Amino acid sequence: MSTANVRTRFAPSPTGFLHVGGARTALFNWLYARHYGGIFVLRIEDTDLERSTEESVTAILEGLEWLGLTWDEGPGCGGDYGPYFQSERLDIYKYYVQRLLDEDKAYLCYCTPEELKARREEALAQGRDPKYDRRCAQLTDAERKALEAEGRQPVVRFRSNDVGTTEVNDLIRGQIIFENGMLDDFVIQKSDGMPTYNFAVVIDDHLMKITHVIRGDDHISNTPRQIQVYQALDFPVPEFAHLPMILGNDKTRLSKRHGATSVTEYRDQGFLPKAMVNYLALLGWSYSATDTLFTPEELIEKFSLDRVSRNPAVFDMKKLEWMNGVYLRELDPEELTGLVIPRLQKEGLLPESIDAAARERVKKIAVSLQSRIRTLAEFVPSSRYFFEDDIEYDPAAVDKILARDYVPDMFAMLLDKLMQVEPFTEDNIEQVFLEVQEEVGRKLGDVIQPVRVAVTGTRVSPGMYEVLAALGRPRTLQRLKAAAEMAKAKLAGKD
RNA sequence: GCCCCCAUCGUCUAGCGGCCUAGGACAUCGCCCUCUCACGGCGAAGACAGGGGUUCAAAUCCCCUUGGGGGUACCA
């Protein structure tokens, strides 16, 4: 098939949040459509009444929007081939089910789930194939009446072709051949009148003129069934491309116990959509031997299915974090500041409304911390001491670094000089430190580290002069005084 | 059970018969930078699952085994 009028789709079932696996599938479909100037359709597969929820629909749309995976047809934007919720397309499925029934390509089956289950287990126990035994395939009208009189609600089964083979020409894996004898007469319409996945997906993909079905490789085995439905209905068969699965670090299917699996969780943890998209793209796709960083625009330009790998990929949080750090460092100060402020406010570290001066101060702090965080969420704990007066001291740092005998005198000297320096800027602060270092005759680190513990409570922070400048004189002096007392008390205790 | 997919460093991968004493990235380790931590720079360690073929030549092609994953639902 040509790539002239490419139409791809993402068809999630709204039974939870947008999973990273789903997001990756959506991304590949989106990239493929965008690359060829085609159409990306979003369709909601909500035929499972039990598990589908509206909140899930909202969450999925939110997730896609956050990632920037805009759709051309679907919920919220309509399109010529709607409706885009399967639950609103029931008449359409009914019509085609009836057509198959009329053509004797499908039939009513009155077996109950319990009966089927029992027979399946029995077959398995006897070493036989657990496929449906077709006992309802040739029912007479009278038999049907009797069954219905028992109060049985029939399902509709597809009369599958059981001779020969069905071939799937997968764009990623090549030709896959299935023996038709392996297929059984699967259900296409449930007893509640809803279509099943394997049926609805064919009807919709055909009616929505989908040219390329790009989905997870857990659908490979479903493909021959779907192809048979295409054939029974005389629909042209689209192209298929099955993506490798995304696994957890134990190589099993990625799930909650592997950590965050919903994209909104990643958003909340402070990952950037560009980083997420870049990382997801590399899960199963690569461009060259050396390139790994791609903007969405570059991905669109470079994406192709023939560079999609066939092996399953383990989701590597560490690499995602690294990549997020890369994008975080690329943010301009204004942007970073805007991202960080709401998080500080949420933690109560910043008032709801802030003036330009406060914003400027946050910007300085943000820039100081920019190369030291990998997610936006990390910003809050690493910047706390800038916003809170009751700082927490790392006891080990206090013991090892603050409680040194030269510290009280040195702090007194520092206090004296810092009180006078004007203005209280990085350069001037540096001068003070150099003078003090000279006077105490120690290494710079010996004067700075105690100060660091005194003002931040920890032995890790951005450069000391910038921290003090951002902290401001009053707070610096106050913390130095408090720490000097602390050091004295500790030293006295030691004697 | 049966069917299908997959198999290169710990992880993501490059490799599409000779360019491979297998390249890159994350992670790890070391060194440098340095007031700490990051960032950055340099370097190290680290893989073709096993066995048969085919070929002058195989990580690359074929078969088997093993391992992993998926399907076998009135879930999608």
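These numbers were taken from a predicted model, which means no experiment stands behind them. Letters A, B, ... mirror the listed sequences (proteins, then strands); counts begin at 1.
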Any A/Arg157 side-chain N or O less than 4.0 Å from OP1/OP2 of B/C74: yes
NZ/NE/NH1/NH2 to OD/OE distance under 4.0 Å, A/Asp46 and A/Arg51: no
Sugar-phosphate only, base, or nothing, as touched by A/Gly463 at under 4.0 Å among non-hydrogen atoms: base
Side-chain donor/acceptor contact of A/Arg310 with base of B/C6 under 3.5 Å: no
Proximity of A/Tyr84 and A/Trp71 rings by center, below 6.0 Å: no
Sequence neighbours excluded - salt bridge (Lys or Arg N to Asp or Glu O under 4.0 Å) pairs with any residue from residues 443-453 of chain A: A/Arg404-A/Asp446
5' priority, RNA chain B, between A/Val308 and A/Ile172 [closest heavy atom]: A/Ile172
For B/C42, the Watson-Crick or wobble counterpart (both distances under 3.5 Å): B/G30
Under 4.0 angstrom between A/Thr196 side-chain N/O and B/A73 OP1 or OP2: no
Ion pair check, A/Lys117 and A/Glu121, cut-off under 4.0 Å: yes
Integer angstrom distance from the C1' of B/C48 to that of B/C6: 15 Å
Per A/Gln449 side chain, nearest of listed nucleotides B/U36, B/C12, B/C74: B/U36
Touch class at under 4.0 angstrom, heavy-atom based, for A/Ser461 against every strand present: base
Residue met sooner reading RNA chain B from 5', once A/Ser286 and A/Leu247 are mapped to nucleotides: A/Ser286
Presence of A/Ser221 side-chain N/O under 4.0 Å of B/G70 phosphate oxygens OP1/OP2: no
Touch class at under 4.0 angstrom, heavy-atom based, for A/Ser382 against every strand present: nothing
Sugar-phosphate only, base, or nothing, as touched by A/Cys111 at under 4.0 Å among non-hydrogen atoms: base
Under 4.0 angstrom between A/Arg120 side-chain N/O and B/G1 OP1 or OP2: no
Distance-only polar pair, side chains of A/Asn324 and A/Tyr279, donor-acceptor under 3.5 Å: no
Residues A/Lys400, A/Asp394: salt bridge by 4.0 Å N-O rule: no
N/O (side chain, A/Arg173) to phosphate O (OP1/OP2, B/A7) under 4.0 Å: no
Sugar-phosphate, base or nothing in reach of A/Ser13, heavy atoms under 4.0 Å: sugar-phosphate
Of the listed nucleotides B/C35, B/C75, B/C4, the one nearest the side chain of A/Ile448: B/C35
Nucleotide nearest A/Lys251 (side chain, heavy atoms from C-beta), chosen from B/U11, B/G71, B/A73: B/U11
N/O (side chain, A/Asn311) to phosphate O (OP1/OP2, B/U8) under 4.0 Å: yes
Salt-bridge criterion met for A/Lys190 and A/Asp192 (N-O under 4.0 Å): no
Pair partner, B/A7 [Watson-Crick or wobble, under 3.5 Å]: B/U66
Nearest-Å distance once atom P is located in both B/A57 and B/G70: 40 Å
Which nucleotide in B/C12, B/C75, B/C4 has an atom nearest any side-chain atom of A/Phe178: B/C4
For B/G1, the Watson-Crick or wobble counterpart (both distances under 3.5 Å): B/U72
Any A/Lys117 side-chain nitrogen or oxygen under 4.0 Å from OP1 or OP2 of B/C74: no
Base-contact (B) and sugar-phosphate-only (S) positions in nucleotides 21-30 of chain B, heavy-atom cut-off under 4.0 Å, - elsewhere: --BBBBS---
NZ/NE/NH1/NH2 to OD/OE distance under 4.0 Å, A/Lys417 and A/Glu439: yes
Counter-base of B/A59, judged by Watson-Crick or G-U geometry with both distances under 3.5 Å: none
Contact under 4.0 Å: A/Arg329 side-chain N or O vs B/G40 OP1/OP2: yes
Sugar-phosphate, base or nothing in reach of A/Met464, heavy atoms under 4.0 Å: base
Sugar-phosphate, base or nothing in reach of A/His219, heavy atoms under 4.0 Å: base
Sugar-phosphate, base or nothing in reach of A/Pro312, heavy atoms under 4.0 Å: sugar-phosphate
Sugar-phosphate, base or nothing in reach of A/Pro462, heavy atoms under 4.0 Å: base
Electrostatic pair A/Glu298:A/Lys302 at N-O distance under 4.0 angstrom: no
